[in-house]
Number of protein chains: 2
Amino acid sequence: MRTDEQTAQAKAPLSRERIVLAAVELADREGIEAVTMRKLADVLAAGAMSLYYYVPNKDDLLDGMIDAVKGEIEPPASDGDWRTELRKRATSTRHALQRHGWAVGLMESRTQRPGPANLKLHDAVLGCLREAGFSIEDAIHAYSVQDAYIYGFALQEQSVPAADEIADVVDRQVEHIESNPEIEALAEAYPYLAEVVAGYVGPSGYDFGKEFEYGLDLILDALEQRRTAG
Amino acid sequence: MRTDEQTAQAKAPLSRERIVLAAVELADREGIEAVTMRKLADVLAAGAMSLYYYVPNKDDLLDGMIDAVKGEIEPPASDGDWRTELRKRATSTRHALQRHGWAVGLMESRTQRPGPANLKLHDAVLGCLREAGFSIEDAIHAYSVQDAYIYGFALQEQSVPAADEIADVVDRQVEHIESNPEIEALAEAYPYLAEVVAGYVGPSGYDFGKEFEYGLDLILDALEQRRTAG
DNA sequence: ACCTGAACACCGTTCAAGT
DNA sequence: ACCTGAACACCGTTCAAGT
């Protein structure tokens, strides 16, 4: 065994897959804005421009990163109970999007050329819905509401400061609610908002997980009602 | 009247507001990636670095742009029927996000420091819900589902190719569905997806507006049920 | 086939300087 | 107070060249 065996990973031959994987890890670690072609090449111990042999351009790399995230989502089975299967798939999606917080923002900017993982997932979800008795039209409707909700929730979870940060900020405000003129100004300008901030979110904190499930179940319940009615 | 009256708009004194407005227009016209400090200064007929006197940095400018978009959303009234008020607010949000397609993607990347327009809107929505009899807790739930859905839908509408593009692509595929080996491969690998693509979306096209309303009403109906039940 | 460095046309931002 | 250009440390990408 040669001593440079330890750097084998870094010295392994480049490939599109290895590049995409490294980009995902880099984005997870340092944020999406840290993913530059040069830094990525550094991480891979490659010359700055070597990546262009495997990846036509940065946009294509970003597409690959998105498909890698989609690949982490557990596809639903077509033979189980559709509700529990799609519930699992929804939380699986949320978790993948939590692990890779940069992914949601990436999806908007590019009009997607869906990768293989994405297509496979689409097929599984549609299959689950169709086998549960949804018409093609209703399956599309059901899919659309669910995905809008799931990705929109992820967007909020991403763009709103972390739950504990909210709690911290609010707690500090609530402590001197009497003396602090700022929160009185807030209460005057935005009474309902102040009510929510002071009365609810603050002391108890805010649980994104519970919130997610509330909306998810509301939607799944409503879909089940329409399925059995129609 | 002097002849340079026509360039008055361009020569008007700079201000944060004018800069933000120009940035929004530039993003609408040429996409968010065209919004660079230098190009923006050009548009305003100002020296390249003059903007920094009014705006601390680009991130702050982007925050301002987001708040400008939020300002275009019609806030719901607190005294009308909550369902119709919030329905109007939802479509108003969708339309604002359609006019400024770059906005959704911007929201993820920054953990928001909500601007005044955003706060005002939050307050109006919460007020509408509270006056309709929702408890604080339920108002938060109701708000969360709706916003997740609305912004998630906007995200999909943005990232999926335009409706007519889909129709075009699919139409072309459907025309030689017998002869084209690609779609047969698609049908083999992704049977349910192929079914949807060929059978539904293609000939009739896909109406994002109708789809949006389906999910919106599903959610509002479910919320109304819980309101009257609880 | 696989990898590379130099070079080009861009970025955001700082800073010292102009009016 | 308001605006500015030069300069710095970055980008993505092309291209001609190395093994």
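Each chain gets a letter, A, B and so on, in the order its sequence line appears, and its residues count up from 1. Bear in mind the structure is a predicted one, so any value in this text is a computation, not a measurement.
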What's touching nucleotides 13-16 of chain D from the protein side, N or O pairs under 3.5 Å?
residue : atom : partner : partner atom : Å
D:dT13  : OP2  : A:Tyr52 : OH           : 3.0
D:dT13  : OP2  : A:Lys58 : N            : 2.9

Can you measure [X] atom [atom1] to [N] atom [atom2] for me and round it to whole angstrom units?
X	N	atom1	atom2	result
A:Ile32	D:dC11	CD1	P	14 Å
B:Leu51	D:dA1	CG	C1'	17 Å
B:Asp60	C:dG12	CG	P	14 Å
B:Asp42	D:dT4	CG	C1'	14 Å
A:Leu40	C:dT4	CG	C1'	16 Å

| said: I want to confirm an ordering. Mapping A:Ser50 and A:Tyr53 to their closest nucleotides on DNA chain C, which one lands closer to the 5' end? | reply: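 So the residue in question is A:Tyr53.
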
| task | Kindly say whether A:Val35 contributes a backbone atom to a donor-acceptor pair with the side chain of A:Lys58 at under 3.5 angstrom? | result |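 Judged by distance alone, yes, a pair lies under 3.5 Å.
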
| Is the side chain of B:Ser92 donor-acceptor paired with the backbone N or O of B:Ile73 at a distance under 3.5 Å, no angle test? | no

| request: Name the pairing partner of C:dA7, where a pair is Watson-Crick or G-U wobble with both distances under 3.5 Å, or state none. | output: D:dT13

| field | Complementary nucleotide for C:dT19 - Watson-Crick or wobble, under 3.5 Å | value |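 Pair assignment: C:dT19 / D:dA1.
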
| request: With sequence neighbours left out, write down each residue that passes side chain to side chain contact (heavy atoms under 4.5 Å, CB included) with A:Leu21, or none if nothing qualifies. | output: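 Once residues adjacent in sequence are excluded, the partners of A:Leu21 under the side chain to side chain contact (heavy atoms under 4.5 Å, CB included) criterion are A:Glu25.
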
| said: Less than 6.0 angstrom from the centroid, inside 45 degrees of the normal: does B:Arg94 satisfy that with respect to the ring of B:Phe212? | reply: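 Cation-pi check for B:Arg94 and B:Phe212: passes.
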
| task | Please state whether the rings of A:Phe153 and A:Tyr149 are parallel, tilted or perpendicular, taking 30° and 60° as the class boundaries. | result | tilted

| message | Using OP1 and OP2 only, check whether a side-chain N or O of B:Lys39 sits under 4.0 Å from C:dC11. | response | yes

| Side chains of A:Gln156 and B:Tyr151, donor plus acceptor under 3.5 Å | no

